[in-house]
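Notes to accompany the following structure.
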Amino acid sequence: MNEPRFPNDEGEDAWMVVQVSADEHWNAYHDIRRAVLFEARGLIGYEANHPDDRRDEHFPLLLLLENTPVGAARLDLMDDATACVRTVAIRAECQGKGYGRMLMTGLEKFASQHGVERLLVNAARGAVGFYGALGWTLVEAGGENPVLTKELRTRP
Ligand SMILES: CC(C)(COP(=O)(O)OP(=O)(O)OC[C@H]1O[C@@H](n2cnc3c(N)ncnc32)[C@H](O)[C@@H]1OP(=O)(O)O)[C@@H](O)C(=O)NCCC(=O)NCCS
């Protein structure tokens with residue numbers, strides 16, 4: 001497969017973050033997001049054909065473990081070297097094992113390679129501690145989705 005890949009720094013392929021383009025990866029991307037962000041929260045109406053997933057400046061990403069998809073996220077490039085992190089999700093049975101950290105490590109590498117210097121996220125309330133553990137800073141605590149930011153200092 002010729003998808004852009006962002007392997008880990010250990011020079012191994014045990015895990016990697018890929019930019020989604022192959023059909024099987026689109027299917028996994030939607031399956032993970034539907035299950036984790038909708039079904040597990042009792043929500044319906046997930047849209048697998050939402051135009052936001054196909055915009056030029058939006059990058060759907062998938063975490064592969066030994067080629068098996070376990071997590072998904074999207075990086076939306078904005079102005080001023082800023083990007084928004086959207087819909088971060090790790091399969092329920094894989095949560096709490098460090099895979100979310102791997103996904104964000106690959107996402108940050110991808111973002112840096114696209115000139116991003118600052119990440120933003122509108123976080124789920126229950127996920128604020130996750131971003132905190134990864135070095136993000138809370139900039140807006142109120143509201144349903146607290147806003148956090150992270151400066152990316154290392155350039156590729
Ligand atoms: C939030 C989520 C992406 C985290 O992924 P994960 O694989 O479970 O997290 P990891 O195991 O990689 O945890 C990394 C670190 O964050 C911490 N952490 C993870 N989830 C946390 C939470 N909900 N609250 C507080 N800390 C958390 C871990 O303790 C770990 O810290 P450590 O490395 O210092 O020990 C995942 O649990 C998930 O998909 N949750 C449901 C959907 C969701 O809330 N998505 C976020 C939308 S903004």
Side-chain angles (χ1 to χ4, degrees), residues 5-20 24-48 50-55 57-78 82-112 114 116-154:
R5 286 160 184 254
F6 298 86
N8 59 67
D9 288 325
E10 284 118 46
E12 304 165 357
D13 276 351
W15 68 267
M16 63 177 68
V17 172
V18 299
Q19 184 185 334
V20 174
E24 65 176 291
H25 286 168
W26 274 115
N27 291 338
Y29 173 81
H30 291 308
D31 286 349
I32 292 169
R33 299 199 319 168
R34 184 186 297 107
V36 176
L37 302 173
F38 277 69
E39 292 170 357
R41 294 171 171 173
L43 301 175
I44 55 170
Y46 179 78
E47 288 182 58
H50 198 290
D52 281 354
D53 283 324
R54 300 280 184 172
R55 294 194 198 286
E57 300 303 305
H58 292 185
F59 297 93
L61 303 171
L62 204 55
L63 171 68
L64 305 180
L65 272 188
E66 306 281 5
N67 287 322
T68 300
V70 298
R74 201 180 74 220
L75 184 77
D76 295 357
L77 302 190
M78 324 272 283
T82 300
C84 235
V85 174
R86 308 276 191 197
T87 63
V88 178
I90 297 292
R91 279 193 198 282
E93 66 275 20
C94 297
Q95 291 174 12
K97 298 176 178 174
Y99 300 145
R101 184 183 284 276
M102 291 177 190
L103 173 61
M104 298 306 288
T105 297
L107 179 148
E108 286 181 21
K109 192 174 291 187
F110 180 94
S112 290
H114 283 76
V116 174
E117 296 172 7
R118 186 179 318 101
L119 295 174
L120 284 173
V121 69
N122 292 283
R125 284 219 153 270
V128 169
F130 166 67
Y131 292 102
L134 272 54
W136 291 63
T137 305
L138 191 61
V139 290
E140 203 180 298
E144 199 171 318
N145 296 109
V147 180
L148 295 100
T149 188
K150 185 170 185 180
E151 302 289 329
L152 302 181
R153 293 190 179 81
T154 52

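Please read these numbers as outputs of a predicted model, since none were measured by experiment. If you read the sequence from its start, that first residue is 1, and numbering goes on from there. For ligands, and for the atoms within them, numbers begin at 1 and follow the listed sequence.
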Pull out every atom of ligand 1 sitting under 4.0 Å from any heavy atom of [X], numbered as shown with elements.
X      : value
Leu37  : 42 (C)
Ala89  : 39 (O)
Tyr131 : 48 (S)
Ala123 : 48 (S)
Ala124 : 48 (S)
Ala127 : 44 (O), 46 (C)

Is the backbone of [Y] close enough, under 3.5 Å, to the side chain of [X] for a donor and an acceptor to pair up by distance?
X      : Y      : value
Lys150 : Leu134 : yes
Asn122 : Val147 : no
Arg74  : Cys84  : no
Thr87  : Ala73  : no

With respect to [atom], which of [options] exhibits the smallest heavy-atom separation?
atom                    : options                     : answer
atom 45 (N) of ligand 1 : Val88, Thr87, Val70         : Val88
atom 12 (O) of ligand 1 : Arg101, Arg86, Arg125       : Arg101
atom 37 (O) of ligand 1 : Met104, Gln95, Met102       : Gln95
atom 8 (O) of ligand 1  : Ala73, Ala92, Gly96, Gly100 : Gly96

Original post:
Do any non-hydrogen protein atoms sit less than 4.0 Å from atom 32 (P) of ligand 1?
Top reply: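 Flag for atom 32 (P) of ligand 1 set to true, protein heavy atom closer than 4.0 Å.
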Original post:
Is atom 29 (O) of ligand 1 less than 4.0 angstrom from some protein heavy atom?
Top reply: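 When distances to the protein are checked, atom 29 (O) of ligand 1 has no heavy atom within 4.0 Å.
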Can you report which non-hydrogen protein atom sits closest to [atom], along with the distance?
atom                    : result
atom 20 (N) of ligand 1 : Phe130 CB, 3.7 Å
atom 11 (O) of ligand 1 : Gly98 N, 2.7 Å
atom 42 (C) of ligand 1 : Val36 CG1, 3.6 Å
atom 39 (O) of ligand 1 : Ile90 N, 2.8 Å
atom 15 (C) of ligand 1 : Ala133 CB, 3.8 Å
atom 44 (O) of ligand 1 : Arg41 NH2, 3.3 Å
atom 22 (C) of ligand 1 : Gly126 O, 3.6 Å

Is there side-chain contact between [X] and [Y], with at least one heavy-atom pair below 4.5 Å?
X      : Y      : answer
Val88  : Leu107 : no
Val116 : Leu77  : yes
Met102 : Val70  : no
Asp53  : Trp26  : yes
Asp52  : Asp76  : no

Subject >> Under-4.0 Å heavy-atom contact with ligand 1, by part of Lys97 that carries it >> reply: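 Contact part for Lys97 vs ligand 1: backbone (N, CA, C, O).
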Original post:
Tyr131 vs Trp136 aromatic rings, parallel, tilted or perpendicular, using cut-offs 30° and 60°?
Top reply: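 Ring orientation, 0 to 90° scale: perpendicular.
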Original post:
If you measure from CD on Gln95 to CD1 on Ile90, what distance do you get to the nearest 0.5 Å?
Top reply: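 One finds 7.5 Å between CD of Gln95 and CD1 of Ile90.
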Original post:
Should the heavy atoms of other residues, nucleotides or ligands under 6.0 Å from CD1 of Ile44 be counted, would the total exceed 12?
Top reply: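 12 or below, so no.
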